[in-house]
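Not measured: the values here are computed from a predicted model.
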Amino acid sequence: WIHVDVERAKKEMPDGKTIAHGFLTLSLIPLLVRSVYTIRLRGRGVNYGSNKVRYTSPVQVNSRIRLRQTIKAADPVDGGLRVTSNCLIEIEGQERPALVAEFLMIVYDQ
């Protein structure tokens with residue numbers, strides 16, 4: 001109910017708002033990565049998974065979020081690179097991030 005019941009959230013949630021599901025927030029990382037950097041001259045890329053995911057603050061409805069990402073490693077794999085990055089999903093106006101995760105993707109050669 002914390003994600004969908006607006007009336008109950010008004011009564012029982014801090015600030016009276018519903019919150020985004022944590023897995024929705026996590027699922028936005030591949031989309032938001034595109035706003036951080038571009039890899040040119042590449043083949044397909046695949047989401048390889050996540051490590052050490054922590055939901056540290058709820059994302060209330062109508063909040064603005066952004067991704068802060070740093071590349072931790074780029075390791076060769078058969079036909080490409082496995083890129084490991086540290087990701088923070090930040091909430092505008094809040095000091096504490098919504099999510100902290102180590103994100104993995106494989107980028108294949110052309």
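To the nearest 0.5 Å, atoms CD1 (I19) and NE2 (H3) are separated by 5.5 Å. In this structure, CD1 in I65 is found 13.5 Å from CD in Q60, a value given to the nearest 0.5 Å. Separation of atoms CD1 (I29) and CD (Q69) is listed at 8.0 Å; rounding is to 0.5 Å.
For T25, the side chain to side chain contact (heavy atoms under 4.5 Å, CB included) partners are A20, V59, I89, L99, not counting sequence neighbours. Annotation: side chain to side chain donor-acceptor pair (under 3.5 Å) contacts of S57 (sequence neighbours excluded): Q94. Every salt bridge (Lys or Arg N to Asp or Glu O under 4.0 Å) that E7 has, sequence neighbours left out, goes to K10. Under the rule for a salt bridge (Lys or Arg N to Asp or Glu O under 4.0 Å), the partners of R68 that lie at least two apart in sequence or sit in another chain are E90. For R96, the salt bridge (Lys or Arg N to Asp or Glu O under 4.0 Å) criterion is met by no residue, not counting sequence neighbours. Scored by the side chain to side chain donor-acceptor pair (under 3.5 Å) test, R34 finds no partners at all (sequence neighbours excluded).
Judged as a salt bridge (charged side-chain N to carboxylate O under 4.0 Å, His left out), not a single pair has a partner in residues 15-32 (not counting sequence neighbours). Within the structure, the ring-ring contact (aromatic ring centres under 6.0 Å, His included) test picks out no pair touching residues 49-72 (sequence neighbours left out). Sorted by first and then second residue, the salt bridge (charged side-chain N to carboxylate O under 4.0 Å, His left out) pairs with a member in residues 21-31 form an empty list; sequence neighbours excluded.
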Side-chain donor-acceptor pairs of residues 100-110 under 3.5 Å, sequence neighbours excluded:
residue, atom, partner, partner atom, Å
E102, OE1, N51, ND2, 2.8
E102, OE2, K72, NZ, 2.5

Atom pairs and distances, side-chain donor-acceptor, residues 41-49, under 3.5 Å, sequence neighbours left out:
residue, atom, partner, partner atom, Å
N47, OD1, G49, N, 2.9

Please tabulate, for the side chains in residues 74-82, all donor-acceptor contacts under 3.5 angstrom to protein atoms that are two or more places apart in sequence or on a different chain.
none

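I91 and M13 fall into different hydrophobic clusters, where Ile, Leu, Val, Met, Phe, Trp and Tyr side chains are chained together by heavy-atom contacts under 4.5 Å. Hydrophobic cluster membership is shared by L32 and I71, with clusters built from Ile, Leu, Val, Met, Phe, Trp and Tyr side chains linked at under 4.5 angstrom.
Counting heavy atoms of neighbouring residues, nucleotides and ligands inside a 6.0 Å radius, atom CZ of F23 does not exceed 12 of them.
Put simply, the residue from V6, I2, D5 that forms a side chain to side chain contact (heavy atoms under 4.5 Å, CB included) with T18 is V6.
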